**Student:** 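The structure that follows is given in the form of structure tokens.
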Amino acid sequence: MSDALLGTRALRSLLGDWKDGGGPLYQALFDRIRLLVLDGRIPAGTRLPAERELAQALEVSRTLVTSAYRELREGGYTTSVRGSGSVTRVPGRAHLAVDAEGGFLDFTKAVMPASPGIALATQQSMDDFGRYLQGPGYNFEGIPELRDAVAARYTARGLPTSREQILVTTGAQAAIALLSRVLLSRGDRALVELPSYPHAYEALALAGARLVPVSVTPGEGWDESAIEQLMRRTTPAVGYLMPDFHNPTGESMSVELRERTIDQAMRAGTTLLIDETSGELDIDREGSFLPFAAYATPGDERSVVSIGSVGKTIWDGLRVGWIRAEPGLIRTLAAARPASDLGTPVLEQLIVTRMLDDMPAILEGRREQLRAGRDRLQQLVATGFPEWSAPPVVGGIASWVALGSPVSSQLALAARAEGLLITAGPRFGLDGALERFLRIPLGCPIAQLEQGMDALGRAWQAIMRNPVPGAQAFGDVA
């Protein structure tokens with residue numbers, strides 16, 4: 001298979017304002033491309049533009065680009081293939097998040113430690129596991145016990161649901177990928193939020209979708225007029241939305257906007273893919289919100305497909321998610337599934353079935369963890385980072401911190417030198433913008449949060465001593 005080619009224009013957009021105020025320019029170019037590779041904005045196996053083409057596009061000398069490419073090659077971030085130029089790779093060391101013995105602290109994943117009940121649920125599930133060993137382990141829709149438990153959870157939350165409306169997947173990402181493959185044809189438009197979950201962008205794009213973004217702004221929420229106009233003008237085949245505790249901004253849709261969005265989707269023939277993986281992680285949100293599909297009028301519910309998982313609530317190591325949709329679509333998805341995977345592991349499904357019975361208690365514990373993380377982060381930002389602003393989120397897994405300057409990529413790279421892995425703001429966008437923001441997870445232990453913020457403080461001081469020229473003028477989209 002040939003390597004994917006990154007065009008010169010696309011790379012220039014990703015690079016943004018890469019020239020720093022001191023040191024060789026080739027080093028600045030190397031640093032920015034290196035970060036783009038490390039955080040996945042340039043996937044491994046991507047062929048970079050030829051040196052001459054990139055030099056012309058960036059209006060620099062070819063010698064400068066040659067030197068930057070040499071640094072990438074010597075650092076293990078590219079390989080030179082005869083006839084193919086420079087192809088990106090990720091060095092083995094870069095895959096590792098440092099552990100308690102002295103490696104990198106990992107803030108790239110907004111997750112929480114495993115729920116305390118998993119070990120016991122695993123032991124208890126072994127008693128149930130034996131009866132599955134006499135038959136085939138492949139099950140494209142999921143074991144009946146878990147489908148019933150997920151349906152019961154929706155029903156208890158105010159959305160009547162039956163087993164026939166549930167398909168169990170290997171996590172929410174697998175659900176997004178399967179839905180994208182089934183519902184999209186190459187060239188179809190997909191409405192997405194900006195910023196948003198990066199791997200959802202990737203799944204939609206791999207299915208051939210043309211992404212049409214609508215902005216979500218901290219403190220203001222969704223651009224409601226843009227949703228209506230884009231639905232009417234572009235008639236997207238699907239719309240991928242996170243209406244509860246949006247990742248990364250933490251915003252939530254009003255009831256009125258939910259109802260209008262469903263009505264507009266019905267008129268446009270758009271299927272809404274509603275990511276509710278963080279939907280129950282409220283900290284102190286006033287009022288009780290139903291699952292998104294509950295706001296559809298009879299008949300309009302067909303336009304709403306719900307995606308859930310236990311990755312954010314119970315543990316991300318349990319790769320179990322689900323899709324809720326009308327039974328006809330569930331059967332279509334099950335028939336299409338074997339092309340990508342042959343079902344979710346049975347033991348994990350049995351564990352999750354038992355854990356779902358304890359969800360009210362699990363969620364209460366998660367709220368306490370997230371509240372402590374949010375409150376401590378706000379204290380740390382207020383006392384140690386006067387230029388920053390941490391919004392008062394009322395739920396969700398992270399805070400979308402405004403930095404005051406468009407230096408997120410530079411800060412993320414400097415943080416690596418301080419032992420911290422963190423994702424730069426542009427990773428959550430489409431065009432290299434969002435440099436004024438940084439996503440900081442709320443669910444890690446308080447000691448780790450403080451350690452990470454100390455590392456960010458050192459990184460911040462380092463880049464402030466060497467600021468990016470013209471930073472205040474660099475554009476941003478959210």
Side-chain angles (χ1 to χ4, degrees), residues 139-176 178-179 182-183 238-245 252-253 255 258-259 261-263 265-266 270-282 287-314 318-337 343-344 346 348-363:
N139 190 315
F140 304 141
E141 294 179 339
I143 63 173
E145 296 98 316
L146 181 54
R147 296 173 72 198
D148 286 338
V150 172
R153 182 69 189 157
Y154 276 112
T155 301
R157 295 176 58 210
L159 179 61
T161 303
S162 66
R163 175 197 297 180
E164 291 71 28
Q165 293 174 278
I166 301 297
L167 181 139
V168 179
T169 63
T170 50
Q173 182 62 29
I176 298 168
L178 178 60
L179 286 162
V182 169
L183 297 177
V238 303
Y240 173 79
L241 303 173
M242 286 179 281
D244 290 283
F245 312 127
S252 292
M253 279 189 178
V255 171
R258 294 167 195 246
E259 292 173 343
T261 301
I262 294 171
D263 179 67
M266 192 69 181
T270 301
T271 300
L272 296 175
L273 310 183
I274 302 300
D275 187 334
E276 295 179 313
T277 52
S278 301
E280 295 187 85
L281 293 177
D282 63 285
S288 176
F289 282 67
L290 302 173
F292 191 91
Y295 296 98
T297 58
D300 287 358
E301 189 183 340
R302 296 191 307 274
S303 296
V304 181
V305 175
S306 303
I307 299 167
S309 83
V310 298
K312 297 295 190 292
T313 54
I314 298 178
L318 283 174
R319 302 307 306 147
V320 175
W322 54 81
I323 297 168
R324 182 198 182 276
E326 53 92 13
L329 179 56
I330 292 296
R331 291 192 293 270
T332 299
L333 293 168
R337 185 173 183 178
T344 308
V346 172
E348 281 84 340
Q349 293 187 70
L350 291 170
I351 295 169
V352 172
T353 300
R354 287 185 173 274
M355 297 292 289
L356 286 180
D357 289 338
D358 297 325
M359 278 303 287
I362 291 171
L363 290 173

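Numbers here simply count residues along the sequence, with the first being 1. This is a predicted model, so every value here is computed, not measured.
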**Student:** Can you check whether Phe292's main-chain N or O pairs, donor with acceptor, with Glu276's side chain at less than 3.5 Å?
**Tutor:**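 Yes; judged by distance alone, with no hydrogens or angles, the pair exists.
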**Student:** Using a 3.5 Å cut-off and no angle test, enumerate the donor-acceptor pairs between side-chain atoms of residues 156-163 and protein atoms at least two apart in sequence or in another chain.
**Tutor:**
from	atom 1	to	atom 2	distance (Å)
Thr161	OG1	Leu159	O	2.8
Thr161	OG1	Arg324	NE	2.8
Thr161	OG1	Arg324	NH2	3.4
Ser162	OG	Glu164	OE1	3.3
Ser162	OG	Gln165	OE1	3.4
Arg163	NE	Asp148	OD1	2.9
Arg163	NH2	Asp148	OD2	2.9

**Student:** side-chain contact (heavy atoms from CB on, under 4.5 Å) with Met266: which residues, sequence neighbours excluded?
**Tutor:**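 Only Asp300, Arg302, Ser303 meet the side-chain contact (heavy atoms from CB on, under 4.5 Å) criterion with Met266.
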**Student:** How long is the gap from CG on Leu318 to CD on Gln349, to the nearest 0.5 Å?
**Tutor:**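 The CD atom of Gln349 is 11.0 Å from CG of Leu318, to the nearest 0.5 Å.
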**Student:** Between Ser252 (side chain only) and Phe245 (backbone N and O only), is there a donor and an acceptor less than 3.5 Å apart?
**Tutor:**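 Checking the backbone N and O of Phe245 against the side chain of Ser252, a donor-acceptor pair under 3.5 Å is found.
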**Student:** Roughly how far, to the nearest 0.5 Å, is OG1 of Thr169 from CG of Leu178?
**Tutor:**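 Leu178 CG to Thr169 OG1: 8.0 Å, rounded to 0.5 Å.
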**Student:** So Arg153 and Trp322, side chain to side chain contact (heavy atoms under 4.5 Å, CB included) or not? Walk me through it.
**Tutor:** CA-CA 12 Å; Arg153 182 69 189 157; Trp322 54 81; over 6 Å; no
**Student:** Is Arg258 close to Asp244 at the side-chain level, that is, under 4.5 Å between some pair of heavy atoms?
**Tutor:**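 Yes; the side chains approach each other to less than 4.5 Å.
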**Student:** Output yes when Asp275 and Lys312 qualify as a salt bridge under the 4.0 Å nitrogen-oxygen rule, no when they do not.
**Tutor:**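 Result for this pair is no, no salt bridge flagged.
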**Student:** Is there side-chain contact between Leu273 and Leu183, with heavy atoms separated by less than 4.5 Å?
**Tutor:**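 In short, these two side chains touch, coming nearer than 4.5 Å.
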**Student:** Kindly compute the distance separating CG (Leu356) from CD1 (Ile351), expressed to the nearest 0.5 Å.
**Tutor:**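 Between atom CG of Leu356 and atom CD1 of Ile351 there are 12.0 Å.
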**Student:** Determine the sole option in Val310, Thr344, Val168 for which the side chain to side chain contact (heavy atoms under 4.5 Å, CB included) test with Val352 is passed.
**Tutor:**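 For Val352, the side chain to side chain contact (heavy atoms under 4.5 Å, CB included) check succeeds only for Val310.
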**Student:** Measuring from atom OH of Tyr295 to atom CE of Met253, what distance do you get when rounded to the nearest 0.5 angstrom?
**Tutor:**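 With rounding to 0.5 Å, OH (Tyr295) is 12.0 Å from CE (Met253).
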**Student:** If you measure from CG on Leu333 to CZ on Phe140, what distance do you get to the nearest 0.5 Å?
**Tutor:**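 The CZ atom of Phe140 is 13.0 Å from CG of Leu333, to the nearest 0.5 Å.
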**Student:** Per the side chain to side chain contact (heavy atoms under 4.5 Å, CB included) rule, which among Val238, Leu329, Leu272 passes with Val305?
**Tutor:**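 Single side chain to side chain contact (heavy atoms under 4.5 Å, CB included) partner of Val305 among Val238, Leu329, Leu272: Leu329.
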